[in-house]
Protein chains: 2
Amino acid sequence: MTRRKVKLAFISSNSARKASYNKRKRGIIKKVRELTVLCDVPGCIIISNPFNPDETAVFPDREGAMQVIERYRNTAMKDESKNVNQQSFLLQRITKGREKLERLRHDNHEKETGIRMLDCIQNNKLPDNLSIPDLHDLDKIVEKNLKEIENKLVQLNLSN
Amino acid sequence: MTRRKVKLAFISSNSARKASYNKRKRGIIKKVRELTVLCDVPGCIIISNPFNPDETAVFPDREGAMQVIERYRNTAMKDESKNVNQQSFLLQRITKGREKLERLRHDNHEKETGIRMLDCIQNNKLPDNLSIPDLHDLDKIVEKNLKEIENKLVQLNLSN
DNA sequence: GGAGCTATACTTAGTGA
DNA sequence: TTCACTAAGTATAGCTC
């Protein structure tokens with residue numbers, strides 16, 4: 001009907017862009033599926049939705065894509081530069097976190113000791129359990145964060 | 001020239017499969033690039049090479065793909081656990097706030113009506129403007145709180 | 001093996017319901 | 001909004017070199 005030649009540039013019209021996005025997304029996913037079947041090749045694709053950030057198009061699915069990505073990471077190990085950086089970054093964070101945790105533990109210990117001493121002086125005996133919830137909670141939060149970072153690092157190591 | 005209809009199945013001929021793989025791979029990457037430009041969307045694709053496991057086709061490149069993947073991981077995780085709860089919590093607060101506001105408005109209206117009637121009776125005319133500052137202020141405070149909560153929710157949605 | 005060609009199949013922009 | 005339609009543009013199977 002009309003001219004249909006499209007130049008390769010951002011489509012400024014909101015509705016036109018959305019229409020194009022949906023059609024092309026479907027087309028691409030179809031083609032990827034065809035390729036994986038025709039050639040029996042693992043492949044994946046991830047495309048964000050510009051109109052709904054919650055919805056990301058993924059082929060073949062979340063898990064399948066992650067498998068392909070992991071495999072890719074494994075084989076692409078030679079290209080170490082980036083992961084090494086990422087790894088050293090995480091190691092740095094772990095070190096800092098551990099230091100912070102140590103400081104907290106030290107502080108807590110001092111405070112506990114002080115309280116124990118006071119208690120000892122007042123009651124003339126040392127209690128078995130002394131609960132300082134706030135301090136321990138802080139401790140736990142830091143520890144939990146560290147665990148998360150460590151898990152990330154472990155995943156990274158496994159995938160390298 | 002000859003039949004070109006291709007059924008969606010593994011191509012057994014080695015050479016034909018390789019030819020098809022190379023042509024289609026190029027086509028797909030071209031289409032993904034077009035989509036990312038036309039719609040300004042982050043997207044990536046990873047396709048293994050069936051003939052050379054060391055060589056994996058990646059768009060836009062290793063780092064770009066990893067960025068897309070990380071973003072996808074983060075947003076996918078966030079949604080499931082954290083934001084859903086936070087969001088429903090905020091929605092609950094908005095609903096309750098709206099109900100409270102409605103009750104206040106209803107009360108105000110009744111009071112206004114009562115005062116207008118009194119005024120009408122005393123002066124034998126209906127005033128155009130009747131200011132009841134205290135009630136209106138209360139109204140505004142509630143509304144302001146609601147706005148703040150709604151803004152939070154909007155931000156949350158945008159960041160997803 | 002890949003490069004180039006061409007006829008055909010497929011994709012999709014624009015449109016209207 | 002999303003569907004279906006269709007013309008025009010694009011991708012590619014099969015071929016030759």
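Worth knowing before you read on, the calculation uses all heavy atoms, side chains too, and leaves out hydrogens, waters and symmetry mates. Each chain gets a letter, A, B and so on, in the order the sequences are listed, and its residues count up from 1.
Rounded to an integer number of Å, the gap from A:F51 CZ to D:dT1 P is 9 Å. One atom, CZ of A:R17, and another, C1' of C:dG14, lie 17 Å apart when rounded to the nearest Å. Summarising the geometry, the separation between NZ on A:K7 and C1' on C:dT12 is reported as 17 Å, rounded to the nearest angstrom. Atom OH of A:Y21 is separated from atom C1' of C:dG14 by 21 Å (rounded to the nearest Å). In this structure, B:K18 atom NZ and C:dG2 atom C1' are separated by 10 Å, rounded to whole Å. Per the geometry, CG belonging to B:N14 stands 16 Å off C1' belonging to C:dG2, to the nearest Å. For the pair B:I11 CD1 and D:dA13 P, the computed distance is 6 Å after rounding to whole Å.
Annotation: cation-pi pair B:R62/A:Y72 present, NZ/CZ under 6.0 Å from the ring centroid and within 45° of its normal.
Side-chain contact between A:N49 and A:Y21 is present, with heavy atoms from C-beta onward closer than 4.5 Å.
Counting atom types as modelled, B:K23 pairs no side-chain N or O with a base atom of D:dA11 as donor and acceptor under 3.5 Å.
By the neighbour-count criterion of 12 heavy atoms within 6.0 Å, atom CZ of B:R17 is densely surrounded, having more than that number from other residues, nucleotides or ligands.
The distance from the NZ atom of A:K25 to the CD1 atom of A:I45 is 10.5 Å, given to the nearest 0.5 Å. Of the inter-residue distances, the one linking B:T56 atom OG1 with B:I46 atom CD1 reads 8.0 Å to the nearest 0.5 angstrom.
Look at A:R24 and you'll find a side-chain N or O under 4.0 angstrom from OP1 or OP2 of C:dA13.
The stretch residues 30-38 of chain A touches DNA chain C through A:K30, A:K31, each having a heavy atom under 4.0 angstrom from the strand.
Mapped onto DNA chain C by nearest heavy atom, B:R26 and A:A16 fall at different nucleotides, with B:R26 at the one closer to the 5' end.
The two residues A:A9 and B:L38 come nearest to each other via the heavy atoms O-CD2, 3.2 Å.
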